[in-house]
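By convention in this document, chain letters (A, B, ...) are assigned in the order of the sequence lines, proteins followed by strands, and residues within each chain are numbered from 1.
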Amino acid sequence: MEKIQKIKGFADLFPPDSGVFAFIEATARSVFTRYGYQELRIPILERTELFSRSIGEETDVVQKEMYTFPDRKGRSLTLRPEATAGVMRALIEEKRADDGLAKYFAYGPMFRYERPQKGRMRQFHQIDVEAVGSGEPLLDAEILLMLRHYLTELGLTQLTVELNSLGCPVCRPVFLDVLREFLKGMHKEQLCEDCMRRKLTNPLRVLDCKVPQCKEFTADAPKITDHLCPECAEHFAAVRRILDAAGLEYVLNPRLVRGLDYYVRTTFEIVSGAIGAQSSVAGGGRYDGLVSSLGGPDVPGVGFACGMERLALLIAQNTTPAPDFFVAVLDPAGLDTGLLLAQHLRREGFAGEAPFAAKSTKSQMRAAGKSGARFCLLLGPDELATGSVVVKDMTTSTQESLPRDDVAAFLRAHCA
RNA sequence: GUGACUGUAGCUCAGUUGGUAGAGUCCCAGGUUGUGGCCCUGGUUGCCGUGGGUUCGAGUCCCAUCAGUCACCCCA
């Protein structure tokens, strides 16, 4: 029969990688709940319009990266390419968007039809954090501090925080005019094909272009942070003041532009130099107009997303914990007894295995050694006859014979 | 969507100027050992990604195709 293989850009996750993901999730829950965030679980499939309206019609994500298809009744559905839109939809739909300060985190798979490479899959996983209901710079600062706290708890310290402010509906259009004016005279010899289009549709993105030539010709382009309105300037200054006081180091990057249109004011990105070209492990910012643009109340919000695959690239492979025992059955007639002994010990809280086939003594002892188990429990003919078991300490090579009923107590006394 | 590189045992890879496949590891059995991680002996495992072509003969050359990797792009 012909083998069926997985879809390009989708992955099977075996140990120890699956353990790394479990660690990433467990740490997120542990840290975020300390800041008052609660878990929210939302659908993977949404109506396409949710994403085109929130992320932005002109973005690459919407234009060429979404898994969009009609359902059986012809409605256009899309596998979520990011989590924020769905969370906002849920908050609005369940009338929790203006319910004081709503703080939630969510994690799970996202889907983007891109060419796979290191740190970029078509199905990838994000941890998403959203706080809706406050426009105060204190919230921007707290969420960034929490993100740093989380990454530190994951053991990741060699990361750079990039920070910028994108202004608001008052000052950004003014800046965009200034920027358009600056870009107006640029020709095809100066900007790449994409940027020639962007300078009309989405001029901010020109600043973020990676093409060397574009960088060169936009080197002295106006900076948004020089054109913020007084309110935005004060907001940004306040955020920075708190971060400085908290000892959070960051670099200002006036060219940092998020790929999603809904961001305003504070935006940030966490970058690693150790995971290849897809260097951003987390990114986010403030999105004060988003909720109302999706038909909800006019409430401000801040959020970020972490790429779990990218975090996993940075986390040392955690070894699965060694089992407590390993049963070696030296007489084929003892296989049943071995299984029952293992089962008894598992109920008592210990981890370990018993064999399903009577292999040679040598290979069983070898397997016991390789499993890393602290104790090897030997069942030979004598032990089967007397209801006992030989307990061998694999670290000291000492052993003693015990009644099988006493093994649990013995392990409890010797295992930490 | 564009480009470069790769595709040989379960895993990591070698395979020289084209002559119908090899090592290590893993697994199994045995030896040594105080019933285990070291060491020694023996053994199993391959549509050489797939489909064409050149040739007396192709893992080795050519074309196509599929898959993977990295980069562009984009983003977490």
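Comparing the P positions of B:G10 and B:C48 gives an interatomic distance of 12 Å, to the nearest angstrom. Taking atom C1' on both nucleotides, B:U55 is separated from B:G18 by 9 Å, rounded to a whole Å. Annotation: B:U8 and B:C61 have their P atoms spaced 15 Å apart (nearest Å). The P atoms of B:C28 and B:A76 are separated by 48 Å, rounded to the nearest whole Å. B:U25 and B:U6 are spaced 28 Å apart, taking the P atom of each and rounding to whole Å. B:A21 and B:G15 are spaced 8 Å apart, taking the C1' atom of each and rounding to whole Å. Taking atom P on both B:U45 and B:U32, the two are 28 Å apart, rounded to the nearest angstrom. When the C1' atom is used for both B:G22 and B:U16, the distance is 13 Å, rounded to whole Å.
The existence of a salt bridge linking A:Glu39 and A:Arg41 is confirmed by a sub-4.0 Å separation between a basic side-chain nitrogen and an acidic carboxylate oxygen. By the 4.0 Å N-to-carboxylate-O rule, A:Arg120 lies close enough to A:Glu114 to be salt-bridged with it. A:Asp226 and A:Lys223 are not joined by a salt bridge, as no carboxylate oxygen comes within less than 4.0 angstrom of a charged side-chain nitrogen.
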Write out a two-atom table: protein N or O, nucleotide N or O from nucleotides 2-4 of chain B, distance below 3.5 Å.
{"unit_1": "B:U2", "atom_1": "O4", "unit_2": "A:Arg115", "atom_2": "NH1", "d": "2.3"}

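In the displayed structure, A:Arg96 atom CZ is contacted under 6.0 Å by at most 12 heavy atoms of other residues, nucleotides or ligands. Within a 6.0 Å radius of CZ in A:Phe21, more than 12 heavy atoms belonging to other residues, nucleotides or ligands are found. Counting non-hydrogen atoms of other residues, nucleotides and ligands closer than 6.0 Å to CD of A:Glu353 gives a total of 12 or fewer.
Atom CE of A:Met110 and atom P of B:C75 are 16 Å apart (whole Å). Computed from coordinates, the A:Ile143 CD1 to B:A76 C1' distance equals 15 Å when rounded to whole Å. As rounded to whole Å, 13 Å separates atom P of B:U50 from atom CD of A:Gln5. Straight-line distance from the CG atom of A:Leu311 to the C1' atom of B:A76: 9 Å, rounded to whole Å. In this structure, A:Glu130 atom CD and B:A76 atom P are separated by 12 Å, rounded to whole Å. Residue A:Arg112 contributes atom CZ, which lies 13 Å from atom C1' of B:C73 at whole-angstrom precision. With rounding to whole Å, A:Phe14 atom CZ is found 12 Å from B:G10 atom C1'. Between the CD1 atom of A:Ile275 and the C1' atom of B:A71 there is a distance of 15 Å, given to the nearest Å.
Backbone-only engagement by A:Ala282 is indicated by non-hydrogen atom pairs under 4.0 Å involving sugar-phosphate atoms exclusively. Using a 4.0 Å heavy-atom cutoff across all strands shown, A:Phe304 reaches no nucleic acid atom at all. A:Gly119 comes within 4.0 angstrom of a nucleotide base, judged by non-hydrogen atoms across all strands. A:Glu65 comes within contact range of the sugar-phosphate backbone alone, with a heavy-atom separation under 4.0 Å but no base atom that close.
Relative to the side chain of A:Met394, the nucleotides B:G36, B:G1, B:C70 differ in distance, and B:G36 lies closest. Of the candidates B:G36, B:A76, B:C75, the closest approach to any side-chain atom of A:Met365 belongs to B:G36. For A:Ser397, the side-chain atoms get nearest to B:G36 when compared with the rest of B:A76, B:G68, B:G36.
A donor-acceptor contact shorter than 3.5 Å is absent between the side chain of A:Tyr262 and the backbone of A:Ala85.
In summary, the side chains of A:Ser279 and A:Ser272 do not present any donor paired with an acceptor at a separation below 3.5 Å, with no hydrogens or angles considered. Judged by distance alone, the side chains of A:Asp244 and A:Tyr250 do bring a donor and an acceptor atom under 3.5 Å apart.
Taking the six-membered ring where the residue is Trp, A:His227 and A:Phe175 present tilted rings, their angle falling between 30° and 60°.
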- [ ] Could you run through nucleotides 26-32 of chain B and give me one letter per nucleotide, 5' to 3': B if any protein heavy atom sits under 4.0 Å from the base, S if only the sugar-phosphate is that close, - if neither?
- [x] -SSSBBB
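Comparing A:Ile270 and A:Leu378, the nucleotide of RNA chain B nearest to each residue sits closer to the 5' end for A:Leu378. Between A:Gly284 and A:Gly276, the residue anchored nearer the 5' end of RNA chain B, judged by the nucleotide with its closest heavy atom, is A:Gly276.
Separation of the A:Tyr37 and A:Phe105 ring centroids does not fall under the 6.0 Å cut-off. Between A:Phe375 and A:Phe325, the ring centre distance reaches or exceeds 6.0 Å.
Within the 4.5 Å cutoff, the side chain of A:Arg172 has heavy atoms near those of the A:Val264 side chain.
Taking 3.5 Å as the limit, the base of B:G36 and the side chain of A:Lys392 contain a donor-acceptor pair of atoms between them. Between the side chain of A:Gln117 and the base of B:C73 there is at least one donor-acceptor pair of N/O atoms closer than 3.5 Å.
Pairs of Watson-Crick or G-U wobble type, with distances under 3.5 Å, assemble into runs of 3 or more in RNA chain B at these ranges: B:1-7 with B:66-72, B:10-13 with B:22-25, B:27-31 with B:39-43, B:49-53 with B:61-65.
A:Phe236 does not carry A:Arg265 over the face of its six-membered ring by the limits of under 6.0 Å from the centre and within 45° of the normal.
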